[in-house]
> 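Next up is a structure, given as structure tokens.
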Amino acid sequence: QEVTVEVLDHLERLALVDFRDAEGVERLQKAIGFADQLREVNTDGVEPMDSVLEDRCLYLRGDDVTEGNCTNELLKNAREKVEEYFVAPPGNIPLPKLEERETFLQGS
Amino acid sequence: AAVKGGLRFQVSAALKEGHVTPTELCQSCLSLIKSTKFLNAYITVAEETALKQAEESEKRYRRGQPLGVLDGIPIAVKDNFNTAGIETTCASNMLKGYIPPYNATVVQKLLDQGAVLLGKTNLDEFAMGSGSTDGVFGPVRNPWSYSRQYKEKSVPKSPSEDEESNWVITGGSSGGSAAAVSSFTCFAALGSDTGGSTRNPAAHCGVVGLKPTYGLISRHGLIPLVNSMDVPGILTRCVDDAAAVLGSLAGHDPKDSTTIQDNFKPFELPNLTDVSKLSIGIPKEYCAPGLSSEILAFWSKATDLFKSAGAKVIEVSLPHTRYSIVCYHVLCTAEVASNMARFDGLEYGHRSDVNKSTESMYAATRREGFNDVVRGRILSGNYFLLKQNYEKYFIKAQKVRRLIANDFVKVFGSGVDILLTPTTLSDAVPYMEFIKEDNRTRSAQDDILTQAANMAGLPAINVPTGLSERGLPVGLQFIGQSFQEKQLLTVAKWFEKQVKFPMIQLEVKRHDHSAFQHQKSASFS
């Protein structure tokens, strides 16, 4: 089945990445078609596998502070900063709706 | 002073005996990097720091106190490993100018052993691809394109077609690392392997490419693609060297909780002479559609080689092989969707000028920073993770993953020690041909033989086997049992000795000949 514009729009919001053009959308369609082959496999009674190391205990270290005090190093790579803060544009403002956004999907 | 010739001689021994100094070696490699710039194998060359490291190493040798077999050895690192003070880009606009404040554990370990870090190598953007053609710094050229062996066999199709358009790809995504090792600019290189990204370019560039067991080597500082499958990969010119590098890298890292806590003991590979107790499995499903008759022939000859040496060779079945690439496709894109979420421009990397809101800034930053391939995988991954799709794609793929892993458990449980398969479907294709298909199609085709080992977390190694009709390298893959690297590498070394893969006859203008003798050594250990 074809992916609806609603889902495409939803994906752009979730991923915060745009499809860019028809090729982008086509790419997704092909990816879905490819993944659909999984349906052919019988997985009755099979448990999903998260990790190949599932039979082992993950290492957990003690709850001790062993590093830190590297504010300057960490801030070096940020473009916008003020004193010891990373500066972000205002939050709580949702991405513009499809009709108002600059996106390829608008035409669909 | 004269140094022993032959196919393999030991640079480490030469350094110890003072036949060559670490600075001479380093300078020679740096000079060769300049002469082979057209390969585009390196994104960043850390000339100053490398020379400093070489000087420090030289002081240690003069005192008679080298740190180990890696002291003074020039190495290169794929540009998706964090290196303190050295730009790390993942071949993406998103990280152009990003200078990490720390070293990846594997990088730190190599430096602690005295290795000389020459630079960062080129790759597909964020390690997504099988050609090393999709990074922002351009494609990597396979050094074999400029070898006498390839040139002798290539017949220009038209008078206008020349060397420039005929060059072949390295494979990927660790193409830069493979090219660097193959062209003698370093003795070992780090790559990463998520679906075959170390073994694939190793096969195309005629070098040894080792994918260790998942959990053996720390991923701390390796910019993640698929957390449950990524491993650092090792590229060298011979199996002994791979074992030496493995020895310095493997072991528990408190900074990576997915590394196992078992004690790892570095090992030297025995010279196997008797293979009669060995049981080699030949998975019939690896005779995949599209496998070239040439590679099939090499695979057959290898099987015969083991048989006539007395090993037990049996055909086995890994029934879910043909689904592993589909399964990988879903799990990979899902994990990528999650891993790429960290790139928002706030703390590091590219940041867009758009400032209206955090959401729109993130969106613009990611729009500007990622290429089509990366964006495509993020979007696909998010699709498979949508509530309405989670069960039938993501969970389903996780179930299929267990079936694939179980296939291997069954085969190894039935008495097979090692599996022998081809690594790639054909020899390296010309760049002009490779780019006719898109990245996803190519990856799906090229990863088919390497990918299942990542699913199951098993160790696997590409061993260069011979040259194709076109004069290009062909490799074969050995897949071993979890954490049985010693057995895997022992068999690989035996095989390497039998096939005697020819040295590349690289036709490059050389500035100085003396230290080059040492560079051309196939090994350092």
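Sequence lines set the chain letters: A, B, ... in the order given, protein chains first and strands last, and positions in each chain run from 1. What you are looking at is a predicted structure, and each value in this text was computed from that prediction instead of being measured.
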> For B:Arg367, is there any backbone N or O sitting under 3.5 Å from a side-chain donor or acceptor partner on A:Arg20?
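Yes; at least one donor-acceptor contact below 3.5 Å.
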> Run the salt-bridge test on A:Glu54 and B:Arg402 with the 4.0 Å N-O cut-off and return the result as yes or no.
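So A:Glu54 pairs with B:Arg402 through a salt bridge.
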> Please look at A:Val87 and chain B and tell me whether the side chain, the backbone, both or neither of the residue comes under 4.5 angstrom of a heavy atom of that chain.
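For A:Val87, the backbone is the part near chain B, not the side chain.
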> Between B:Arg322 and chain A, which part of the residue has a heavy atom less than 4.5 Å away: side chain, backbone, both or neither?
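The side chain, not the backbone.
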> Non-hydrogen atoms of chain A under 4.5 Å away: do they reach the side chain of B:Leu331, the backbone, both or neither?
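B:Leu331 has no heavy atom closer than 4.5 Å to chain A.
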> Quick one: what part of A:Leu95 sits under 4.5 Å from any heavy atom of chain B, side chain, backbone, both or neither?
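Both backbone and side chain of A:Leu95 come within 4.5 Å of chain B.
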> Non-hydrogen atoms of chain B under 4.5 Å away: do they reach the side chain of A:Cys70, the backbone, both or neither?
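The answer is neither part of A:Cys70.
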> Where does B:Met455 contact chain A at under 4.5 Å (heavy atoms): side chain, backbone, both or neither?
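Just its backbone gets close to chain A.
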> Between B:Arg366 and A:Leu16, is there a donor-acceptor pair closer than 3.5 Å when you use the side chain of the first and the backbone of the second?
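Such a contact is found between B:Arg366 side chain and A:Leu16 backbone.
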> Against chain B, label A:Lys76 side chain, backbone, both or neither, depending on which of its atoms sit under 4.5 Å from a heavy atom there.
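Neither part.
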> So, for A:Val41 and B:Lys396, which heavy atoms are closest and what is the spacing to 0.1 Å?
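Where A:Val41 meets B:Lys396 most closely, the heavy atoms are O-NZ, 2.8 Å.
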> Treating A:Asn77 as the side-chain partner and B:Glu347 as the backbone partner, does any N or O pair qualify as donor plus acceptor under 3.5 Å?
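No, A:Asn77 side chain to B:Glu347 backbone: no donor-acceptor pair under 3.5 Å.
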> With the threshold set at 4.0 Å, does a side-chain nitrogen-carboxylate oxygen contact exist between A:Asp50 and B:Arg401?
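No, this pair does not count.
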> Could you pull out the closest heavy-atom pair between A:Ala78 and B:Leu346, with the gap in Å?
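What the structure gives for the nearest pair is CB-O, 3.6 Å.
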> With side chains defined as the heavy atoms from C-beta onward, is the minimum distance between A:Phe34 and B:Val330 less than 4.5 Å?
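A side-chain contact under 4.5 Å is absent here.
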> Around atom CD of A:Glu83, are there more than 12 heavy atoms of other residues, nucleotides or ligands at under 6.0 Å?
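It does not: A:Glu83 CD has 12 such atoms or fewer within range.
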> Could you tell me whether a side-chain N or O of B:Arg351 sits under 3.5 Å from a main-chain N or O of A:Arg79, the two making a donor and an acceptor?
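No, B:Arg351 side chain to A:Arg79 backbone: no donor-acceptor pair under 3.5 Å.
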